[in-house]
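Input: a single structure, listed below in structure tokens.
Sequence positions, counted from 1, serve as the residue numbers for this chain.
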Amino acid sequence: LKKSKMAEHPIRAVLAVVAVLCLFLVDVSSAKRNVLFILTDDQDITLNSLTVMPKLTSLITNKGAYFTNAFVNTPICCPSRAEIQTGRYMHNTKAYDNSCGGTTFQAGPEKLNMASYAATMGYQSWYSGKYLNNYGSGNVGGVSYVPPGWSEWHALVGNSKYYNYEVSNNGSSTPIKHGNNYATDYYTDVLKNESSAWLQNSWNPADGPFFMMIGTPCPHVPNIFAPQYSGLFRDVKAPRNPNWNVAPANASGPGSKHWFLQHIGPMNEQYINNSDMTFQDRWRCLQSVDDLVERLINTITDKNQLSNTFVVYSADHGQHLGEYGMGFDKRQLYETDIRVPLLAFGPGISPKQTINGMVSHVDLAVTFLDMMGIAKPSQMDGRSWLSLVSNETTTQPPPKAWRTDLLIEYGGPSVPPLDGPNPKKYIRDEVRKEYESFLGMQPKPDGGACGEPVTPAVHVDCKGIGMCGGEHGQCACDAVNNTYKCVRTINSTENSIYCEFDDSLNFVEYYDLNKDPYELYNIAYSPEASTPAVQAKMKALSSRLRDYMHCSGDDCFDPPIAPPPPPSAHFVMNGQCLMCDGACESEHDPVHLGSCTGSESGFSTANDTLGNPQISPEKSSGKMCLNADDASCNSGTLVYLHACQLSDGHVHTGNHFAYDDQSQQIKAEYCTDEPMCLTATSSMATLTSCDSPNTKFVKNMSLSTTY
């Protein structure tokens, strides 16, 4: 046989093979990475939930990075999930409570979600599971609405469920309905089976990489577990840490906490049992999540894609189970609620890494885009942590120094009217029931909220305190004035959280977690709070918190000093000021005359996005404005708070109020036939003719103390 020229030159042959291999290696190393994100619902890190997930430990934790200081920015479902999708803090998404996901969010922040950027790079994106709590409601597009960027969309309608639920069928107007058969309907297993089937049978690597996000219902109440796990954990109890069932909190002194925790008693035996059984159910429920993790990793392995895939595991927020007398839930500023599990595995990530840098949910979207080779969008508030864990090329080089503090914020429960003009009829039933609870309309347990009454006279009817239900009964979970902003700090000398409440008391909670890991000693009301050193420290933390509340985009990694607050207007009549109550953040909250000493009496005046005048209480941070009950311009029309004009193009005529410096009157600018002005008593504000007495308000200007 005739020898080929290649055979005659063995060195040339070897070089040719090496060249082909090099081309192949370059192709693999430059391939776009797949991204899988698994998000659980209400999973704690501080109460040991990861310890009962051996498959997760083996397949992800031991092969990748474990973050010791991962935080949620808002410890409640819907706002937290909005932050994850958009990479923006709550004060920038304007998604404040569990009714979030309305048309304003859809027309604004959601248009620039992480999936929209992935789509521009050819990613095939899959979403299944819980999305935003109000998803699927008719007035926000129903199940046919698909957020930008998602090529496969199978989101749950409403809040977490395990049986008898509906999911979007990739944008079809007809949802897929599931019943109560374990074999075909148990939701965590449905997510496992459908997502792995899509990867195995429908996704083709040749058509582009995948971006998959799965939102499991577990371990959100009612924590319905798969029947094969019913025998597990029957003897375990929620951890009895030093802060377990310490209630009620004091109103002053180092043992003080905010109003809500002052008004619930310690759990009695019934509520302790309910809390412990909920704890057991959570661990049983998580076994199916562990199975889901295993199935997905095995499927990706079968597709020969594991070395090309980033896998990230986290939760939307944490959970307390008995701490400070609260049986279960989230929404609080404490470590149980704001710390979350965060695990990452993938290309360039060495096994068994421990990452101590502070990261939070606004970092997730930016990090996922970085994994895809997409630069950080300028409006996103987070920062990619990929360079902390992987030697992969990053679109965002690491900063000279990683952050040592971050923002935690919660807007409290929005309590809309259940009747009257413009009620929020689009809100899903489960969200409305939560609101009704805060109005004192839901049945309450005998003898107070989640335990024995503090005193026979204190909140036996629980008005102002919200009850949340689970598989083992109700529990006090929130309060109308549970609205706060915190700066969480961890550095070589400090481990603290400093929080300011938007309530009538301007309450403060400040803990040194190096000395007080269970947050039982509130420095803000301790003897040392009067010392110059602590006063200076609290002033510095308050200023830093204000910097964060003004940040947006790139500035949020290390916020610059915020501009000085503008002067606020106080409208004075007969020695009293026009004011609102509490956080001044709920629609139909009354406006009336009262004390001039509190921040509730400060107002700002400005034009809205359409150029119309508005008057807004400073405590609402621009969310609420003076608003007439209707636009009929009748004398006696009630004036209260309502949402300010947004950029949705819908004109809120009843919001058009302006202060006339010459006449010293607050005028309804939309009343052109007969001028109408504001008048007020100690209980309400109404419209009346501008010729009537008691319409003159002296406007005093003072330095604002709000954000």
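Ring geometry for Trp283 versus Phe233: interplanar angle over 60°, hence perpendicular rather than tilted (30 to 60°). Ring pair Phe37/Phe368 is tilted by interplanar angle, where 30° to 60° counts as tilted. The aromatic rings of Tyr135 and Tyr131 sit perpendicular to each other, their planes meeting at more than 60°, with 30° as the lower class boundary.
Heavy atoms only, all atoms of each residue included: Thr188 and Leu292 are closest at O-CD1, 3.8 Å. Of all heavy-atom pairs spanning Ser125 and Trp150, the tightest one is OG-CA, 3.1 Å. Considering every non-hydrogen atom in both Met213 and Leu39, the closest pair reads CE-CD2, 3.8 Å. Closest heavy-atom contact between Glu323 and Leu321: OE1-N, 2.7 Å. Of all heavy-atom pairs spanning Pro517 and Asn514, the tightest one is CD-O, 4.5 Å. Taking each heavy atom of Thr40 and Pro219 in turn, the nearest pair found is CB-CD, 4.2 Å.
No side-chain N or O of Thr404 forms a donor-acceptor pair with one of Trp402 less than 3.5 Å apart. Between the side chains of Glu83 and Thr74, at least one donor-acceptor pair of N or O atoms lies under 3.5 Å. Checked by atom type, the side-chain pair Asp185/Asn181 shows no donor-acceptor distance below 3.5 Å. No side-chain donor-acceptor contact under 3.5 Å links Glu409 and Tyr96. Between the side chains of Asp291 and Tyr229, at least one donor N or O sits under 3.5 Å from an acceptor N or O. In this model, no donor atom of one side chain and acceptor atom of the other lie less than 3.5 Å apart for Tyr162 and Asn180. Under the 3.5 Å distance criterion, with hydrogens and angles disregarded, no donor-acceptor pair is assigned to the side chains of His472 and Asn273. Of the N and O atoms on the side chains of Asn495 and Arg488, at least one donor lies less than 3.5 Å from an acceptor on the other residue. Counted by atom type alone, Ser384 and Asp370 present one or more donor-acceptor pairs between their side chains at under 3.5 Å. Under 3.5 Å, the side chains of Asn223 and Arg282 contain no donor-acceptor pair of N or O atoms. A side-chain donor-acceptor contact under 3.5 Å links Asp478 and Tyr410. No hydrogens or angles considered: nothing links the side chains of Asp381 and Tyr89 as a donor-acceptor pair under 3.5 Å. With hydrogens and angles left out, the side-chain atoms of Gln474 and Tyr271 include no donor and acceptor closer than 3.5 Å. Looking at Asn193 and Arg295, their side chains do bring a donor and an acceptor atom within 3.5 Å of each other.
Atom NZ of Lys237 sits in a sparse spot, with 12 or fewer heavy atoms from other residues, nucleotides or ligands closer than 6.0 Å.
Distance check for Cys468 and Cys475: the SG atoms are not under the 2.5 Å cut-off.
Counting only distance, with no hydrogens or angles, the side chain of Ser275 and the backbone of Gly327 share a donor-acceptor pair below 3.5 Å. Between the Asn113 side chain and the Ser116 main chain, a donor and an acceptor come within less than 3.5 Å of each other. Although no hydrogens or angles enter the test, the distance criterion places no donor-acceptor pair under 3.5 Å between the side chain of Ser58 and the main chain of Pro54. Of the possible polar contacts, one joining the Arg284 side chain to the Leu232 backbone as a donor-acceptor pair under 3.5 Å is found. Of the possible polar contacts, none joining the Arg33 side chain to the Phe310 backbone as a donor-acceptor pair under 3.5 Å is found. For the pair Ser144 (side chain) and Gly141 (backbone), a donor-acceptor distance under 3.5 Å is present. No donor-acceptor distance shorter than 3.5 angstrom exists from the side chain of Asn133 to the backbone of Gly158, with no hydrogens or angles considered. In this structure, Asn204 contributes its side chain and Ala206 its backbone to a donor-acceptor pair below 3.5 Å.
For the atom pair Asp42 CG and Cys218 SG, the distance stands at 9.5 Å (nearest 0.5 Å). Atom CD1 of Ile176 is separated from atom OG of Ser168 by 8.0 Å, given to the nearest 0.5 angstrom. Rounding to the nearest 0.5 angstrom, the gap separating the CG atom in Leu286 from the OG1 atom in Thr51 is 10.0 Å. Atom CZ of Arg383 is separated from atom CZ of Phe557 by 5.5 Å, given to the nearest 0.5 angstrom. Taking OG1 from Thr57 and CG from Asp290, the interatomic distance works out to 7.0 Å, rounded to the nearest 0.5 Å. Note that SG of Cys486 and OH of Tyr334 are 9.0 Å apart. Values are rounded to the nearest 0.5 Å.
Here Arg234 pairs with nothing under the salt bridge (Lys or Arg N to Asp or Glu O under 4.0 Å) rule; sequence neighbours left out. When the side-chain contact (heavy atoms from CB on, under 4.5 Å) test is applied to Gln270, the partners found at least two apart in sequence or on another chain are Asn268, Asn274.
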Inset, instruction - Run the numbers on Tyr127 and Glu152 for side-chain contact (heavy atoms from CB on, under 4.5 Å), then give the verdict. - result: CA-CA 6 Å; Tyr127 192 99; Glu152 289 287 339; over 6 Å; no
Inset, instruction - Test side-chain contact (heavy atoms from CB on, under 4.5 Å) on Leu369 and Met380 and set out the steps. - result: CA-CA 11 Å; Leu369 296 182; Met380 289 190 176; 4.0 Å; yes
Inset, instruction - Report the C-alpha distance between Ile497 and Leu513 in whole Å, list the side-chain angles of each, state the deciding distance to 0.1 Å, and finish with yes or no for side-chain contact (heavy atoms from CB on, under 4.5 Å). - result: CA-CA 8 Å; Ile497 186 166; Leu513 283 95; 3.9 Å; yes
Inset, instruction - Start with the C-alpha distance between Asn134 and Ser137, add both sets of side-chain angles, then the distance that settles side chain to side chain donor-acceptor pair (under 3.5 Å), and finish with yes or no. - result: CA-CA 6 Å; Asn134 208 37; Ser137 296; 3.1 Å; yes
Inset, instruction - Show the numbers, then the answer: is there a ring-ring contact (aromatic ring centres under 6.0 Å, His included) between Trp385 and Phe67? - result: CA-CA 11 Å; Trp385 42 253; Phe67 290 79; 4.8 Å; yes
Inset, instruction - Begin from the C-alpha positions of His178 and Tyr186 and carry the test side-chain contact (heavy atoms from CB on, under 4.5 Å) through to its verdict. - result: CA-CA 9 Å; His178 284 266; Tyr186 183 64; over 6 Å; no
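For the pair Thr174 and Asn169, the minimum side-chain heavy-atom distance is 4.5 Å or more. Between Phe225 and Asp281, some side-chain heavy-atom pair lies under the 4.5 Å cut-off.
In this structure, Tyr165 has its ring center under 6.0 Å from that of Tyr187.
No option in Lys130, Lys330, Lys161 other than Lys130 meets the salt bridge (charged side-chain N to carboxylate O under 4.0 Å, His left out) test with Asp41.
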Using atom types as modelled, flag every donor-acceptor pair under 3.5 Å from a side chain in residues 336-349 to any protein atom, sequence neighbours excluded.
| from | atom 1 | to | atom 2 | distance (Å) |
| --- | --- | --- | --- | --- |
| Asp337 | OD1 | His320 | ND1 | 3.0 |
| Asp337 | OD2 | His320 | ND1 | 3.0 |
| Asp337 | OD2 | Arg331 | N | 3.4 |
| Asp337 | OD2 | Gln332 | N | 3.0 |
| Arg339 | NE | Glu335 | OE1 | 2.5 |
| Arg339 | NH1 | Thr68 | O | 2.8 |
| Arg339 | NH1 | Asn69 | OD1 | 3.0 |
| Arg339 | NH2 | Asn69 | OD1 | 3.1 |
| Arg339 | NH2 | Glu335 | OE1 | 3.4 |

